[in-house]
2 protein chains.
Amino acid sequence: MLARNLAQGRSGQIAVVVPYLDTPYFSELLQSVIRAARVSGYNVLIDQTDGDPEHERAFIADGSRRLLFDGVIFSPLGLDQQALTNRDRRLPLVILGERSSDGSFDHVGIDDVAASRQATEHLIDLGRQRIAAIGDQPYATGEAAQRRTRGFREAHAARGRTPREDLIISTPRFNRPDGAQAMEHLLDLAEPPDAVFCYSDLVALGAIRTLLSRGLRVPEDVAVVGYDDIEDGRFSNPTITTISPDKEMIATTAVERLLLRISSPTPPAGLELRAPHKLIIRESTAGRSTPG
Amino acid sequence: MLARNLAQGRSGQIAVVVPYLDTPYFSELLQSVIRAARVSGYNVLIDQTDGDPEHERAFIADGSRRLLFDGVIFSPLGLDQQALTNRDRRLPLVILGERSSDGSFDHVGIDDVAASRQATEHLIDLGRQRIAAIGDQPYATGEAAQRRTRGFREAHAARGRTPREDLIISTPRFNRPDGAQAMEHLLDLAEPPDAVFCYSDLVALGAIRTLLSRGLRVPEDVAVVGYDDIEDGRFSNPTITTISPDKEMIATTAVERLLLRISSPTPPAGLELRAPHKLIIRESTAGRSTPG
DNA sequence: CTGAAAGCGCTAACAC
DNA sequence: GTGTTAGCGCTTTCAG
């Protein structure tokens, strides 16, 4: 088997590299990737980077690992633009999430700016006055977060409003503890928000936990919208209004493009593939049984 | 790199095989396994079986895949005792979760019977009268579930009570929808339960969702205890009382034993390693701020 | 159509 | 200590 790979010059395996496995968004996405790859006879090999830039770089820069897998689907976290360019060009690569591409790889994700804008407009249209955003990352590796912040601002502009800068909170990651802590901070403000746009459902879950344990009601006192549409948000109390990316399509598209790259003698042009998303309204903005 | 493996007869990789990646219990455990393996210079290769017995069998029976990885940490779901015995004995193997071993592999987990008994006794000691159990699996591959049911019965016996058979509900898996559905069923009974022992936190989350959307209060009307201590249960509303297995120890022990097996010229005796667990009391049985 | 030989890229053991 | 060769287990090619 191993010898066969050596002889054939291919392994029949593709690697999927994600920052964290315990993030539901990734594990749900992985499911779909594994299934999509399996129908094409490919096995999937998963690697977790912990968001470590060194580890991430090694994966795409080090040509020696080639042959262990025929291609990589990669969701980078701590990698800047340059590291992506200084990669081993021979390794077929598809990037997940929004990234500017240099044309040597494909890249699939939803339109984060538009989605974030839509989420924020929903909050504005609910009549909320002081809308917070949790999850900004104003530094080089926070490209994805910054796109959401841009959407947040655009929504305000589109409705003739000005976002309150002190209500845009940065967090190191997009997880529950981050969300809970950011919400604590927001509630300690002189004028706390009456709505929050969270950059992930995990952040929203953490924020809601803080709100409820402080005795506030969701959505009556504070409306919350999340991002990712993970299963947790469909069973939480309250359920979470969220941006739902079409994970199935992201996964199948990524696999499809990667296999095409693998089998293609001459590398195809790098594409920006955009999967659809939708806003799903649930209790955290609509309340128990009175949507709208 | 690939050639090196061929020449050396080892790959420096271990495989971890789990049924579902999107089950938080597994993804949290995987994190620890990956880290433990990494400090020993091993890379981790993850595979998801979807609980498919065929796929599971192939992994341990098919010697041809040997050399792709030096050993396997395996959490079987649809595999019966026989399949585990008819395996390729040359492949170093460690099984996760409770399983009777034939001595050719190690096997690490917590004491499910004792833990389940403890969880149930907690409910009894709260003064609950009609205690349900959600998650039994009364068939060949449901060994783990059955141990929890045994603990449930033992707790009743220890307190001089008789479990109500109609309150022991079977579910195909241990996830949120299963829990939600089982709870619907229980609430439609003439005499619904006033407490529930769920065989996973996911089941508990689903059950709580059903309770709350039916207008019942947790824990006032129905107390709920879960199993696994996943992060969700620490941020849900209410937070979940649960059996907390020492995942870190399970992971490090599994890796340690596997590496020992890999490096050992003569296979060590198969051990039954038991990791500690504890009952963590939270809001779903203790209420908001009045523990006990 | 079946069978032997060369070689995938690297390591280990050996000789120089 | 450095240089060379056999060979890991399979595939592929070429000759029989």
Side-chain angles (χ1 to χ4, degrees), chain A residues 1-17 37-47 54-74 86-93 104-105 258-267, chain B residues 1-17 37-47 54-74 86-93 104-105 255 258-268:
Chain A
M1 171 99 309
L2 205 166
R4 158 186 292 154
N5 297 347
L6 217 213
Q8 287 187 156
R10 64 183 289 279
S11 65
Q13 305 207 302
I14 61 176
V16 182
V17 183
R38 225 170 245 169
V39 301
S40 303
Y42 272 80
N43 209 17
V44 174
L45 206 148
I46 297 154
D47 202 87
E54 249 346 285
H55 191 117
E56 294 192 339
R57 185 177 356 262
F59 225 95
I60 51 168
D62 183 8
S64 75
R65 294 175 108 168
R66 225 169 11 109
L67 269 264
L68 280 186
F69 36 81
D70 301 333
V72 178
I73 295 177
F74 193 17
N86 292 345
R87 56 180 268 271
D88 182 341
R89 298 293 187 110
R90 291 166 305 180
L91 182 67
L93 178 66
S104 76
F105 54 84
L258 188 66
L259 297 193
L260 188 148
R261 266 176 190 284
I262 290 172
S263 62
S264 177
T266 143
Chain B
M1 170 97 311
L2 206 167
R4 160 188 290 157
N5 297 348
L6 218 213
Q8 287 186 156
R10 63 182 289 281
S11 65
Q13 304 206 305
I14 62 176
V16 182
V17 184
R38 225 168 245 172
V39 301
S40 303
Y42 271 81
N43 208 18
V44 174
L45 206 147
I46 295 155
D47 203 85
E54 250 344 286
H55 191 117
E56 294 193 338
R57 188 180 349 266
F59 226 94
I60 52 169
D62 183 6
S64 76
R65 294 174 109 168
R66 226 171 9 110
L67 268 266
L68 281 187
F69 36 78
D70 301 333
V72 177
I73 295 177
F74 193 17
N86 292 347
R87 56 181 268 270
D88 183 341
R89 297 295 187 110
R90 290 165 304 179
L91 182 67
L93 179 66
S104 76
F105 54 85
V255 169
L258 187 66
L259 296 193
L260 188 148
R261 267 177 189 285
I262 289 172
S263 62
S264 176
T266 144

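Please read all numbers here as calculations on a predicted model, not as lab measurements. Below, chain A is the first sequence line, B the second, and so on; all start at residue 1.
No side-chain heavy atom of V17(B) sits less than 4.5 Å from a side-chain heavy atom of H55(B). Between F69(A) and L91(A) there is a side-chain heavy-atom pair separated by less than 4.5 Å. Contact annotation: the side chain of R89(B) never approaches that of P267(B) to less than 4.5 Å [non-hydrogen atoms, C-beta and beyond].
One can place CD of Q8(A) at 21 Å from P of dA6(C), the figure rounded to the nearest angstrom. For the pair L2(B) CG and dC8(C) P, the computed distance is 14 Å after rounding to whole Å. Put simply, CG on L68(A) is 14 Å from P on dG9(C), counting in whole angstrom units. What separates CG of N5(B) from C1' of dC8(C) is a distance of 14 Å, to the nearest Å.
Axis deviation across the helix from dC1(C)-dG16(D) to dC16(C)-dG1(D) amounts to 50°, comparing end segments of five pairs, rounded to 10 degrees.
In this structure a side-chain-to-backbone donor-acceptor pair under 3.5 Å is missing from S11(B) to N5(B). No side-chain donor-acceptor contact under 3.5 Å links S40(A) to the backbone of Y42(A). Within the 3.5 Å criterion, the main-chain N or O of G12(A) finds a donor-acceptor partner in the side chain of D70(A).
Of all nucleotides in DNA chain D having an atom under 4.0 Å from a heavy atom of chain A, the first and last in 5' to 3' order are dG9(D) to dT11(D).
Partners of I46(A) under the side chain to side chain contact (heavy atoms under 4.5 Å, CB included) rule, at least two apart in sequence or in another chain, are L21(A), L30(A), I34(A), V44(A), L21(B), I46(B).
In plain terms, the two heavy atoms of P268(B) and L260(B) that are nearest each other are CG-CD2, 3.3 Å.
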